Student: 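One structure follows; several queries about it will come next.
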Amino acid sequence: MASSSEDDVPLVKSKANGVKSSDTIPKSVDQAMDKENPTNGHVEAGISVRHGPVEEMDVDEDANGPIMANGVTNGKRKARSSVTNGKSYKEASSSEEDDKPLSKRRKMAAPPKPVLDSDSELSDEPLIKAKAKMPPKVTAAQVGEDSDSDQPITEKLAKKKEKIEKAAEKTAKAIRAEEASSAKKKKQKRVDSDDEDDVPLAKKTTKKIAKPKKEESDDDIPLRRKAPAVSAKKDKTKVKAEAVSPAKKAKGKVKAEKTEDDLAAEAEEEEFRWWENMDKNDNSIKWNTLEHNGVVFPPEYVPLPKNVKLVYDGVPISLHPDAEEIAGFYGAMLNSEVNVSNPTFNENFFFDFKAMLDNTGHGKDKDGNKIKIKEFAKCDFKPIFEYYDAERQKKKALPAVEKKALKAEKDAAEAPYTHCMWDGRKQKVGNFRVEPPGLFRGRGEHPKTGKVKQRVRPEQITLNIGKDAKVPTPPEGHKWKEIKHDQTATWLATWQENINGAFKYVMLAASSDIKGQSDYQKFEKARELKKHIDRIRKDYNRELQSKVMADRQRATAVYLIDKFALRAGNEKGEDEADTVGCCSLKYEHVTLRPPNTVIFDFLGKDSIRFYDEVEVDTQVFKNLKIFKKEPKGPGDEIFDRLTTSALNKHLSSYMTGLTAKVFRTYNASWTMSNLLKDMKSTGTIPEKVKDYNDANRQVAILCNHKRTVAAGHAGQIEKMQEKINGMLYQQWRLKQMMIDVDSKIKKKKGADFFELPEDLDEEWVKKHQEYLVEEHRQKIRKKFEKENEKLVAEGQKEMKDKELNDRLKDADELEKKFKKENKSKKVAAEGKSPSIEKLEASIEKIQQRIETSKIQLEDKDQNKEVALGTSKINYIDPRLTVVFSKKFDVPIERFFSKTLREKFDWAIKSVDEDWEF
DNA sequence: GAGTAGACTTAGGAATATAAAC
DNA sequence: GTTTATATTCCTAAGTCTACTC
């Protein structure tokens, strides 16, 4: 990265080709910042937006691709693997310069700006030296770093890999052999759930680290001590044998008269409880035997009926089926405002559509005359939309029986693909369907949104399957791209999509053992962080004052990640939406308001806005000021001397596997843990659920999990409020009736008790009464009609209108009653032999309903733009929820849906109410 | 050391199923 | 029974991070 020589040619490109900070921070700068008022990049005078160096960048325009709106080129930004179908997309072909080393790419004409005072004693210290001060690393990632060898790392790793693979295969064979010979014995042993039997085969034969059964006690052993990463890596032969022939465990216990489903469910029930014997380190071999049936392809394109056509310039056009299919993609989503009103979406779609038209000879009118489609604006997709919409409606309107039959048919066709056999255990596959072709719906301002996502053919799909398993037959006339037997991978199939070159994978469902294990490890890692967090915080607090710029930036970034749960913020490519995380924050995303308030305003993952005004440590405030210091301006990165790799490398020196992401899990779970711990949830189940959701919401807010407010939300809230008001009125009337029963009650209870509730006034009452009367009338009418229908159906005479009018008198009576009440300010007691006790009981009943409704309303409103699901599914240790459920006696079903209960089966079965995060 | 391919997790919104209200 | 609201599941884009390559 940085070197002292770079300082000689200042303002060389940093990781995002922006302005780069100097290596070190002299005292004078620190002191100056102490005196100065902190700068606000957006508004404060004196900070000009464009400085010399930034202007210099204009030079880059031809050489390094387009200059972004903020004046910064993105020449070096990361892009996903390139795709070789450059035909349709108008990508400015990435510059040849990209291949050149940074130093050669461009030279800044401007002389080095004296950003800092003449360098302090540290100024010339090469970064690499500064880095040497970092704590030693012991992660698996650094396996090849034995400095004592001259052998290239890659070579070493390749050899190691070869060795490991051989050993793994040998072990796998041994296991298979042993499995076969000892299957019977094992079955018997399983029944007795012998501890020893749960020990993975491989572990029995290799040197095993003694491990207590419960993971809680296990926690006390630091991961590193348990099995150093290096040896863990070397020891790939210690196959994950928890997974070895576990299905056998389920057998031998079944009771007689059970249905097949029961048996299957029970077999599933008796799964091996992998979480009781989890090797937290060994991630190398994921399976020994793997059988599956491949993937389900989407149906081939069915051309539109002859009468449904794209209309171009007022003329219905016949298209080649390939072009028509693309027109159909667009036509079918005309109701998707977000997309079809996005110019980029339309532009990209039309570019690809036209390319296909060029290939297929455009269209023909009814007389067979060729029509060239040139302008998007002249295309009318409405007939196509209407056709597809009608199809949708038709499908929706199908009788329930037919719907069911169709579903059953589909389920039957897909049945072979829904599960696989993973080390002999039946496991659910997640996304066994190949993604259908369509238009790419990139989020936010994705430059490729709207492009055509092509149909995936078997020739593009690589399968991963056991060596001994039967390879699924590809669709007729096709073949698979490749068959792999990669035991270190968990995917069953993979292909590369044509838009971004992203790899797509078919993997197991969240409820599978392998995903469960991974989830478990994730939360255990977060719990492990508890033991290191104090030291980490102490260190970064100290390093906030480091003279070495890189270190100070790193410390500041860790502070932000730890405190505000920011994402790491990898570099992004120019072909992606411009979103950021911590390390990629830019000048304009952070505003400083003295004395120590920081305003974050940026688009994060999925282009979701992150806006927060927070108070920070004064040193952090000062640092951010320094990192934003001239000549930096909009477009420049704040942490220009920091990359996520460097950050994670540093973090991993504290704890194996510690990365920025772990902080989010840790902080989310830790927050939830504390909230639940302090909670004295009493009352009804809905109240307890609300308490839980409140805590969940706080975590979701911490993680900035948002959703768009549903259309009609305001109306729904209003409706709920009206309902509550109605109940309040009803309650008030009952109170008035108490006075009617016992006039002394007013004195006894105090006048306040009988006041009209605050939210209601006379005007509202009148309107509500009108509503009630009208409602009553409607009810009478409906009942009358229904009864008449019944009479007709029974062959009897209909009742006459007179009967209806007689019945409607009841509503008139109600109207009169209300009027009288309004006039006399008195409410006569209703019902048979009314008493104070009876009325009080009714009031109390309504009170409870009011409370419940109020809770629901509050819950709904507070949740309107917060998505609770993401944190519940990914960040909050599910065991915390289980503890809450047990401690407060709320069924777990109230928190976890069926799929979540399957996903978190390990959590539900592994803790009691004393468990702590 | 930088760049990136590849594998995996995280994420919001659409589609669908279910429950509640009418 | 039908409509509407809510919950759940599905879908796949968009992140993170490791390991490999140059």
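Just so you know, these numbers come straight off a predicted model, no measurement behind them. Chain naming here is simple, since letters A, B, ... match the order of the sequence lines and numbering starts at 1 in each. Computed over heavy atoms, backbone and side chain alike; hydrogens, waters and symmetry mates excluded.
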Student: Please check the phosphate of B:dC8 (OP1 and OP2 only) for any side-chain N or O of A:T490 closer than 4.0 Å.
Tutor: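 For A:T490, the contact criterion (side-chain N or O under 4.0 Å from OP1 or OP2 of B:dC8) is met.
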Student: So, does A:S607 get its side chain near the phosphate of C:dA14, meaning an N or O under 4.0 Å from OP1 or OP2?
Tutor: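 The answer is no; no side-chain N or O of A:S607 sits under 4.0 Å from OP1 or OP2.
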Student: Which of parallel (below 30°), tilted (30 to 60°) and perpendicular (above 60°) describes A:F896 and A:F904?
Tutor: tilted
Student: With rounding to the nearest 0.5 Å, note down the distance linking OG in A:S645 to NE2 in A:H650.
Tutor: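 Output value for this atom pair is 14.0 Å.
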Student: Where does the angle between the aromatic ring planes of A:F345 and A:Y330 fall among parallel (under 30°), tilted (30 to 60°) and perpendicular (over 60°)?
Tutor: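 If you compare the ring of A:F345 with that of A:Y330, the planes turn out tilted.
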Student: Is there a side-chain contact between A:K504 and the phosphate of C:dA13, meaning an N or O under 4.0 Å from OP1 or OP2?
Tutor: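 A:K504 to C:dA13 OP1/OP2: side-chain N or O found under 4.0 Å.
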Student: Tell me whether the side-chain N/O atoms of A:K286 come closer than 4.0 Å to OP1 or OP2 in B:dA7.
Tutor: no
Student: Map A:L439 and A:L900 onto DNA chain C by nearest heavy atom, then report which one ends up closer to the 5' terminus.
Tutor: A:L900
Student: When every nucleotide of nucleotides 10-22 of chain B is labelled 5' to 3' by its protein contacts under 4.0 Å (heavy atoms), B for base, S for sugar-phosphate only, - for none, what sequence of letters results?
Tutor: BSBS---S---S-
Student: Would you tell me if any nitrogen or oxygen in the side chain of A:H446 comes within less than 4.0 Å of OP1 or OP2 on C:dA13?
Tutor: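 No, A:H446 has no side-chain N/O under 4.0 Å of OP1/OP2 on C:dA13.
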Student: Between A:D519 and A:K515, is there a salt bridge with N-O shorter than 4.0 Å?
Tutor: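 No, A:K515 and A:D519 are not salt-bridged.
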Student: Would you indicate which nucleotide in C:dT12, C:dA14, B:dC8 comes nearest to any side-chain atom of A:F440?
Tutor: C:dA14
Student: Find which nucleotide of DNA chain B each of A:Y505 and A:S645 is nearest to by heavy atoms, and output the residue with the more 5' nucleotide.
Tutor: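 Here A:S645 is the residue nearer the 5' end.
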Student: Taking 4.0 Å as the cut-off, does a side-chain nitrogen or oxygen of A:K649 come that near to OP1 or OP2 on C:dC17?
Tutor: no
Student: Tell me if a side-chain donor or acceptor on A:N348 pairs with a main-chain N or O of A:P447 at a distance below 3.5 Å.
Tutor: yes
Student: Any idea which of B:dG6, C:dT12, C:dT16 is nearest the A:N570 side chain?
Tutor: C:dT16
Student: Report yes if a side-chain nitrogen or oxygen of A:T899 is closer than 4.0 Å to either non-bridging phosphate oxygen (OP1 or OP2) of C:dT8; otherwise report no.
Tutor: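 False: A:T899 side-chain N/O out of range (4.0 Å or more) of C:dT8 OP1/OP2.
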Student: Phosphate oxygens OP1/OP2 of B:dT9: is one of them under 4.0 Å from a side-chain N or O of A:S518?
Tutor: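 For A:S518, the contact criterion (side-chain N or O under 4.0 Å from OP1 or OP2 of B:dT9) is met.
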Student: Could you tell me whether A:G604 contacts a base, only the sugar-phosphate backbone, or nothing, with contacts defined as non-hydrogen atoms closer than 4.0 Å?
Tutor: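 Since only primed, P, OP1 and OP2 atoms lie under 4.0 Å of A:G604, the category is sugar-phosphate.
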Student: Residues from residues 429-437 of chain A sitting under 4.0 Å of DNA chain C, heavy atoms only?
Tutor: A:R433, A:E435, A:P436
Student: Starting at the 5' end of DNA chain C and moving along, which residue's nearest nucleotide shows up first, A:K428 or A:C582?
Tutor: A:K428
